[in-house]
Amino acid sequence: MLNKFNLPIALKSYRFVVFILLLFLWACTNDLEEVKEVTSEKFVSIEKGEDVSILFTEDAVPTIKIEGPTAIRYAYLPPDTPYTEFPDGLKLYVYDQEGKIESTLSANKGTMGDNSDNLEVTGDVQIVNSKGEKLNAEKLFWNKTDKKIRSDEFVKIYTNDEVIYGTGFEADENFTNYVIYNIKGVVKVRDGSF
């Protein structure tokens, strides 16, 4: 039991404890805008590799190889999906069933989603096939499922005897069968020199 002499000391102790608790709770509060800013970031992690090579196979036979000096993998919280970026350029090689290179693609930059079938390449995109035909574009997509290359941008195709200019393009991934949708012009070339 408390007597009249201990009561003021006990009340002072409780006040002190309550004061410390309030001070602690006040010190632990965050500015609501800071909380929103931090939680709105969807970034989870980054993985970076140098001299990267990614090999796609079917029944243990190489079909596609992608190489790049740098690959950065970004992972985000759902609903966004992780993706890999090749900021310093890349080369893509398409192989036939015997393991020989059928075509090559090079570009200044590339982006490939982990859950996507598309590789988007941009900047001085060039494709060369086994016949020596060459495509130049600034942007195109390669779809690994339907094995097609597409672009809605301006393209130039160099064959042995002509240069074809157009907008919109689709080809098989080895760039042997292709269609230019809006041909803007065809220039005949003598002796195959460009």
Side-chain angles (χ1 to χ4, degrees), residues 49 52-76 78-189 192 194:
V52 174
S53 181
I54 301 171
L55 185 64
F56 295 89
T57 61
E58 287 180 12
D59 300 324
V61 176
T63 56
I64 302 287
K65 181 165 71 170
I66 302 173
E67 295 180 336
T70 308
I72 303 172
R73 185 172 182 276
Y74 296 92
Y76 289 83
D80 294 333
T81 58
Y83 68 94
T84 301
E85 182 178 272
F86 298 88
D88 301 322
L90 65 98
K91 282 201 164 197
L92 183 144
Y93 303 92
V94 179
Y95 295 92
D96 65 13
Q97 294 177 344
E98 286 82 41
K100 295 178 185 172
I101 295 175
E102 283 190 308
S103 63
T104 60
L105 177 148
S106 62
N108 292 342
K109 185 178 178 182
T111 305
M112 182 170 57
D114 285 12
N115 301 325
S116 169
D117 291 335
N118 285 325
L119 168 68
E120 177 183 343
V121 291
T122 57
D124 193 24
V125 180
Q126 296 184 21
I127 302 174
V128 179
N129 66 18
S130 58
K131 296 188 276 185
E133 296 173 321
K134 180 179 172 183
L135 173 129
N136 280 40
E138 281 303 307
K139 180 179 183 180
L140 61 82
F141 296 91
W142 166 67
N143 185 291
K144 65 184 177 187
T145 300
D146 70 8
K147 300 181 179 185
K148 297 283 185 184
I149 301 168
R150 296 178 176 88
S151 179
D152 294 329
E153 308 279 324
F154 177 77
V155 297
K156 285 191 276 185
I157 295 180
Y158 300 87
T159 67
N160 290 333
D161 58 354
E162 59 189 10
V163 180
I164 307 166
Y165 301 89
T167 303
F169 162 83
E170 183 174 296
D172 53 6
E173 69 184 358
N174 57 13
F175 183 51
T176 53
N177 298 307
Y178 51 84
V179 175
I180 299 175
Y181 293 113
N182 298 304
I183 295 177
K184 304 293 184 192
V186 177
V187 177
K188 294 291 183 186
V189 179
F194 300 111

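Quick caveat, the model's predicted, so the values are computed rather than measured.
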Would you call Glu173 and Lys144 a side-chain contact if the rule is heavy atoms closer than 4.5 Å? no
For Lys188, which residues count as a salt bridge (charged side-chain N to carboxylate O under 4.0 Å, His left out) partner, sequence neighbours excluded? Glu162
Applying side-chain contact (heavy atoms from CB on, under 4.5 Å), run through Leu92 and Phe86 and close with a yes or a no. CA-CA 12 Å; Leu92 183 144; Phe86 298 88; over 6 Å; no
I'd like to check Met112 versus Ile66 (side-chain heavy atoms, cut-off strictly below 4.5 Å). Are they in contact? yes
Hey, what do you get for CG (Asp161) to OH (Tyr158), rounding to the nearest 0.5 Å? 14.5 Å
Between Phe154 and Thr167, is a side-chain contact (heavy atoms from CB on, under 4.5 Å) present by the stated rule, with each step listed? CA-CA 4 Å; Phe154 177 77; Thr167 303; 4.3 Å; yes
Does a sphere of radius 6.0 Å around NZ in Lys91 hold more than 12 heavy atoms from other residues, nucleotides or ligands, not counting ones at 6.0 Å or beyond? no
What distance separates Ile157 CD1 from Ile164 CD1, expressed to the nearest 0.5 Å? 5.5 Å
With heavy-atom distances below 4.5 Å as the criterion, would you say the side chains of Ile149 and Phe169 are in contact? yes
Spell out, as yes or no, whether a donor-acceptor pair under 3.5 Å connects the side chain of Asp96 to the backbone of Glu98. yes
For residues Ser53 and Lys65, determine if any side-chain heavy atom of one lies less than 4.5 Å from a side-chain heavy atom of the other. yes
Measuring only between side-chain heavy atoms, which start at C-beta, is Asp152 closer than 4.5 Å to Tyr181? no
How far apart are the closest heavy atoms of Thr70 and Pro87, and which atoms are they? O-CD, 3.5 Å
Between atom CD of Glu138 and atom CD of Glu153, what is the distance when rounded to the nearest 0.5 Å? 8.5 Å
Looking only at heavy atoms, which two atoms of Gly89 and Pro69 are closest? And how far apart? O-CD, 3.4 Å
Is the backbone N or O of Asn108 less than 3.5 Å from a side-chain atom of Asp124, with the two atoms forming a donor-acceptor pair by type? no
Minimum heavy-atom distance between Ala75 and Pro82, given as atom pair plus value: CA-CB, 4.1 Å
Check against side-chain contact (heavy atoms from CB on, under 4.5 Å), Tyr95 and Ile101: CA-CA 4 Å; Tyr95 295 92; Ile101 295 175; 3.6 Å; yes
Distance-only criterion, 3.5 Å: show the donor-acceptor pairs between side-chain atoms of residues 129-137 and protein atoms not counting sequence neighbours.
unit_1, atom_1, unit_2, atom_2, d
Asn129, OD1, Lys131, N, 3.0
Asn129, OD1, Gly132, N, 3.1
Asn129, OD1, Glu133, N, 2.9
Asn129, ND2, Glu133, OE1, 2.8
Asn129, ND2, Phe175, O, 2.6
Glu133, OE2, Tyr178, OH, 3.3

Going from CD on Glu67 to CG on Leu55, what distance comes out if it is rounded to the nearest 0.5 angstrom? 9.5 Å
Closest heavy-atom pair and its distance - Thr122, Ala107: O-CB, 3.8 Å
If you define the side chain from C-beta out and look only at heavy atoms, does anything of Val121 sit under 4.5 Å from Leu140? yes
Can you list the residues that meet the ring-ring contact (aromatic ring centres under 6.0 Å, His included) rule with Tyr83, with sequence neighbours excluded? Tyr74
For a 4.5 angstrom cut-off between non-hydrogen side-chain atoms, does Thr176 reach Glu102? no
Value rounded to 0.5 Å, distance of NZ in Lys156 from OH in Tyr165: 5.5 Å
